[in-house]
Every structure is written in C-alpha cells, then in structure tokens.
Amino acid sequence: MAEALFKSLRETADLRHLRQIIAGLDEGVILIDPDQSLLWANDAALAMHGVGDIADLGATVDEYRARFQLRYRNNHRVEADEYPIERVVAGDSFSEVVVEVTVAGEDAPRWVHQVRSLVLNDADNGEPACLVLIIQDVSARFEAEDRFEQSFNANPAPAVICRLSDLRFVKVNQGFLDMTGRQRDQVLCKTVYEIDVLRDADRRDLAKARLAEGRTIPQMEAELELPGGGTRLVIVAGQPIDMDDQPCMLFTFADLEPRRKAEGALRHSEERFTRTFQLAPVPMAIGARDGHLLCEVNASFTQMTGYSSTEIIGRPLGEVELWESDTMRRQIEAAIDGGHDLRGREARIHGKDGTAIDCIVSTEAIRLGDDACVLWAFQDITQRKATEVELVEAIEAVMKDTSWFSRTVMDKLARLRAPQMAPDGPGLDDLTARERDVLALICRGCDDKTIARTLDVAGNTVRNHVARIYAKIGVNRRIAAVAWARARGFDGEGVAIEKPVQETVA
C-alpha cells in the first residue's frame with residue numbers, strides 16, 4: 001500500500017504531502033535524505049522503536065545504528081554496512097529482511113521487524129530524491145512461531161511437519177525420534193514416502209488424497225518402518241498448518257506398540273492357560289460369574305462326570321442338576337455372588353448317569369479378556385470317603401478285642417519306628433530269667449500293673465526290672481525295648497511265665 005502511494009506522488013516529490021498521506025499508515029515509514037540524515041517518520045515507525053519523536057531515532061544513519069542494535073533470527077549480529085537503513089542509503093533494493101531490534105544497553109530484543117526499501121527519484125534528473133524504509137512489526141507472529149516451536153519440540157507426543165509443496169519434512173520433534181530410533185538428520189529433508197508415515201495404513205488411499213489436497217487426514221492405524229528392521233504400530237493423523245507462509249501438514253502419532261505387545265503377551269498367556277487347563281489331571285471348569293453358566297470344561301471333568309463339553313457348556317448348573325441338592329447349589333452360588341472364593345468345600349455332585357460323586361470344590365475369580373469368570377476345580381474323594389468308612393468299621397471291630405489291638409498296634413509301631421535296627425550289641429543272654437519274663441510281658445503289650453499282677457510282685461519291683469532292662473539294652477522307651485526284642489526274634493509269645501514262690505522287693 002505504501003509503495004502505491006509513493007509512486008502516485010513521485011512526480012510532485014512534495015514531502016509535505018507525502019507526510020500527510022502516510023502518517024496514518026499501519027506500516028512504519030522512515031524517510032531518509034540521500035545525505036544520510038533522517039527526515040521524518042510516521043507514528044507507526046516511532047512506536048515500532050519505542051520513541052515519540054524523530055529525534056529519538058537519531059538525526060543520522062550513524063546515530064540510528066548507535067541507538068538500536070540489530071541481529072538476524074539466527075542470532076547473528078547485523079554488521080554496520082548490512083543495516084537496512086545503510087543498505088537503502090547505498091542504493092540497495094531489498095524486500096522482507098527480518099531483524100530483531102534491541103535498544104542500546106539492553107540484552108534482549110524488543111521487536112521483530114520485517115523491512116523493505118523504496119527509492120523515490122527526482123523527476124528532473126533521475127537522481128534519488130528520497131529514500132524510504134517501510135517497516136512491519138512482526139513480533140507477534142514470530143512470538144507465536146517461537147511458542148509453537150517450543151511446544152512442538154517439548155511435546156512428548158511424536159510429530160513431524162512436511163511442506164505440501166514438495167512433501168519434505170521440515171520439522172521433527174524428539175518424541176518421533178525416540179519412537180522410531182532415527183536421528184534428526186535422517187528425517188529432515190526426506191519425503192513423506194521416503195519415511196513412509198502412512199505405511200500399511202488401513203485407509204491409505206484416503207490419506208494420500210487428503211495429503212494432496214492439503215486437507216485434514218483422519219486418524220488411522222499404520223506401521224512405521226524402523227531403521228534397524230521391524231515395524232512399529234501407530235495411530236497417525238494429519239492436520240494442515242501454515243509455517244513461514246507455506247502450507248504444511250502436521251503429522252501426529254500415538255504409539256500403539258506397547259498395546260500390541262501387551263495384547264500379544266495376553267494372547268500367549270491365555271494360550272498357555274488354555275493348554276494347561278485342558279491337560280490338567282484335575283477336573284476343572286470355567287464359568288461366567290453372571291448366571292453361573294459353564295463356558296469350558298477340561299477332559300478330566302468330562303471323564304469324572306460323563307458330560308461332554310457340548311452337553312454342559314452354556315447351561316446353568318441348576319438346569320444340568322450337577323449338584324446333589326438345590327440347597328447346596330444356592331449356597332455355593334450365593335458365596336460366589338458375594339465375591340467369595342471357595343476353598344476345599346466338600347460337596348456331592350451327580351454324574352451324567354446319576355452316580356453320586358463326593359468332591360472337594362475350590363473356585364478362583366479370574367478374568368478372560370474383558371469377561372469376569374470363575375475357575376472351578378474338583379477333587380474326586382469318593383474312593384477316599386469309602387475307605388474312611390471302611391476304616392472306621394474295621395477299627396470298631398478291632399476295638400472289641402483291645403488286648404489284641406494293643407499288641408498288634410505296638411508290634412506295627414515297633415517295626416515302623418526301628419525297621420533298621422540290627423541284632424548287634426547286648427543280647428538276650430545278658431538278661432536274667434526274670435528280666436526276660438518282664439520283657440516278654442512288655443512285648444505282649446502289658447503295662448506295669450498287669451506285669452505286677454501276672455508275676456505276683458509289687459509295682460516297684462516291676463519298675464526296677466524295667467529300669468535294669470533299659471540300662472542293659474541301651475533304650476529308654478517301652479516301644480524301643482519291644483523293637484530291640486523283635487529284632488532278636490523275641491516276641492514274648494510262647495514264653496511260660498513262672499510266678500515266684502516269694503520275691504523280695506528290690
């Protein structure tokens with residue numbers, strides 16, 4: 001706009017009229033005499049330098065350069081002869097030179113100016129009559145770009161930006177480099193298809209069409225190829241943006257590789273669980289917590305109950321009539337509904353043929369995928385229960401002859417306690433006749449009182465005999481004495497016990 005106004009007034013070269021026209025422009029305008037003196041500046045130019053009068057800019061180009069230090073956006077200082085105001089005086093024509101402006105004595109720049117030049121020639125001799133600097137304050141734009149740059153680089157979400165004109169990447173953040181294992185120089189200047197961010201995308205054709213049109217690319221799954229081999233599963237999306245006045249596409253990514261690995265690990269775990277479940281020798285079943293339906297049974301369960309998987313899976317246990325009674329079923333289901341696991345619960349179930357099966361039932365709450373399930377384990381104790389009944393009956397029968405029971409039990413205990421004892425050390429000949437009588441009665445299961453009555457002696461006499469026997473054969477317990485005698489073929493049976501005519505208490 002400023003150039004058009006200047007061109008329309010070149011013929012007159014009336015600076016007063018120029019000043020009136022350009023005073024209200026948004027762009028800053030500084031008029032410079034060919035002798036390097038600053039003639040005039042509009043309010044916008046003064047505001048862009050933080051001053052209120054042309055004198056504060058400096059009377060000459062040298063004074064301006066002393067009051068304001070310039071540097072390029074890459075932090076390089078602008079040398080004295082490269083100042084835009086010096087270049088325009090030197091007759092240089094330029095456009096859109098971007099510089100950061102710092103007030104002398106300060107460290108940080110206050111403004112970012114985009115500067116271009118214009119020369120007004122004298123109509124009579126063609127010599128420059130007035131030199132013009134046209135300035136735009138682009139601080140806000142570059143601050144926004146700086147904020148975007150900082151946010152882009154600091155964002156942990158992987159992202160890259162490509163120019164739409166040539167589809168080359170112009171920016172990449174650390175998140176993308178970490179995710180792919182690439183270096184920055186391996187990404188920048190490469191094209192979208194050299195580092196294919198849409199590889200194996202489920203809607204690749206749509207993404208390519210949107211990219212060509214510069215339109216938003218919706219989220220879709222893709223697999224990025226990694227430099228060391230292999231791929232990485234991601235969700236990719238594209239958003240058109242402008243950078244440095246160039247249309248670009250911002251690609252952002254969500255890393256799905258941890259999810260894929262977790263799903264793979266879960267799948268393998270479930271496969272191992274299924275194999276273990278099917279091969280387990282313990283009858284097992286998997287049921288749903290809701291409704292108490294069986295979802296799976298193993299071979300051991302089928303063998304125990306006679307139900308095939310097709311006959312029992314998907315049916316409530318009450319309908320199958322697996323439990324002996326509805327009362328038992330309701331109690332077990334109520335415990336599971338209340339969030340309690342069963343541990344060693346005795347229950348009776350019915351096989352397919354109606355046979356009663358005594359079991360110990362245990363349950364464990366598990367999850368298969370997203371489903372809440374119950375793992376059932378059954379231990380068939382039918383045979384054990386029958387054996388226990390038989391054992392009780394046998395004991396009751398044996399107890400009718402307690403003396404035989406005592407001798408038999410003691411004999412078995414002696415063999416169990418000291419099966420390895422060899423007939424070494426003292427022998428039966430080391431015992432007196434009376435001591436052998438006492439040992440015979442001990443082997444028959446008699447206690448001290450019975451021995452005293454049998455031998456018709458006092459209890460103290462029996463105890464003294466027992467003590468001497470223990471000392472001679474090297475034992476200190478009755479069962480050990482019996483074991484010692486058995487090892488030497490002496491069980492007390494068939495030994496005639498003679499009662500003394502009279503025996504003095506030792």
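Quantities reported herein were computed from a predicted structural model and do not represent experimental measurements.
In summary, Asp326 and Arg329 engage in a salt bridge, as defined by a charged side-chain N under 4.0 Å from a carboxylate O. In this structure, Glu223 does not pair ionically with Arg232, as no charged nitrogen and carboxylate oxygen lie closer than 4.0 Å. Look at Arg204 and Asp196 and you find a salt bridge, because one of the NZ, NE, NH1 or NH2 atoms lies within 4.0 Å of a carboxylate O, short of that distance. A salt bridge is defined here as a Lys NZ or Arg NE, NH1 or NH2 lying under 4.0 Å from an Asp or Glu carboxylate O, and Asp430 with Lys472 fails to meet this definition. Salt-bridge check for Asp429 with Arg488: failed, with every basic side-chain N at 4.0 Å or more from each acidic carboxylate O.
Closest heavy-atom contact between Ile360 and Gly344: CG2-CA, 3.3 Å. Between Glu435 and Leu431 the shortest heavy-atom distance is OE1-CA, 3.4 Å. Scanning all heavy atoms of the two residues, the minimum distance from Val297 to Ala285 falls at CG1-CB, 3.8 Å.
Phe251 is linked by a ring pair (Phe, Tyr, Trp, His ring centres under 6.0 Å) to nothing, counting only residues two or more places apart in sequence or in another chain. Residues passing the side-chain contact (heavy atoms from CB on, under 4.5 Å) test with Ala209: none are found, sequence neighbours excluded. Under the rule for a side-chain hydrogen bond (donor to acceptor under 3.5 Å, both in side chains), the partners of Tyr72 that lie at least two apart in sequence or sit in another chain are Glu82. Asp202 meets the side-chain contact (heavy atoms from CB on, under 4.5 Å) test with Met220, Glu221; sequence neighbours excluded.
Surrounding CZ of Arg77 are at most 12 heavy atoms belonging to other residues, nucleotides or ligands under 6.0 Å away. The number of heavy-atom neighbours closer than 6.0 Å to CD of Gln303, taken from other residues, nucleotides and ligands shown, is 12 or below.
Looking at Gln331 and Arg345, their side chains do bring a donor and an acceptor atom within 3.5 Å of each other. Donor-acceptor pairing under 3.5 Å is recorded for the side chains of Thr450 and Asp447.
The shortest side-chain heavy-atom distance between Trp111 and Val138 does not fall under the 4.5 Å cut-off.
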Sequence neighbours excluded and cut-off under 3.5 Å, please list the side-chain donor-acceptor pairs for residues 168-179, or say none.
{"unit_1": "Arg168", "atom_1": "NH1", "unit_2": "Cys189", "atom_2": "O", "d": "2.6"}
{"unit_1": "Lys171", "atom_1": "NZ", "unit_2": "Glu149", "atom_2": "OE1", "d": "2.5"}
{"unit_1": "Lys171", "atom_1": "NZ", "unit_2": "Glu149", "atom_2": "OE2", "d": "2.9"}
{"unit_1": "Asn173", "atom_1": "OD1", "unit_2": "Ala159", "atom_2": "N", "d": "3.0"}
{"unit_1": "Asn173", "atom_1": "OD1", "unit_2": "Gly175", "atom_2": "N", "d": "3.4"}
{"unit_1": "Asn173", "atom_1": "OD1", "unit_2": "Phe176", "atom_2": "N", "d": "3.0"}
{"unit_1": "Asn173", "atom_1": "ND2", "unit_2": "Phe152", "atom_2": "O", "d": "3.3"}
{"unit_1": "Asn173", "atom_1": "ND2", "unit_2": "Asn155", "atom_2": "O", "d": "3.2"}
{"unit_1": "Asn173", "atom_1": "ND2", "unit_2": "Ala157", "atom_2": "O", "d": "2.8"}
{"unit_1": "Gln174", "atom_1": "NE2", "unit_2": "Asp178", "atom_2": "OD1", "d": "3.0"}

Give every donor-acceptor pair under 3.5 Å between a side-chain atom in residues 309-316 and any protein atom, sequence neighbours left out.
{"unit_1": "Thr310", "atom_1": "OG1", "unit_2": "Ser308", "atom_2": "OG", "d": "3.1"}
{"unit_1": "Glu311", "atom_1": "OE1", "unit_2": "Ser308", "atom_2": "N", "d": "2.9"}
{"unit_1": "Glu311", "atom_1": "OE1", "unit_2": "Ser308", "atom_2": "OG", "d": "3.2"}
{"unit_1": "Glu311", "atom_1": "OE1", "unit_2": "Lys352", "atom_2": "NZ", "d": "3.3"}
{"unit_1": "Glu311", "atom_1": "OE2", "unit_2": "Lys352", "atom_2": "NZ", "d": "2.6"}
{"unit_1": "Arg315", "atom_1": "NE", "unit_2": "Glu319", "atom_2": "OE2", "d": "3.1"}
{"unit_1": "Arg315", "atom_1": "NH1", "unit_2": "Glu311", "atom_2": "O", "d": "2.8"}

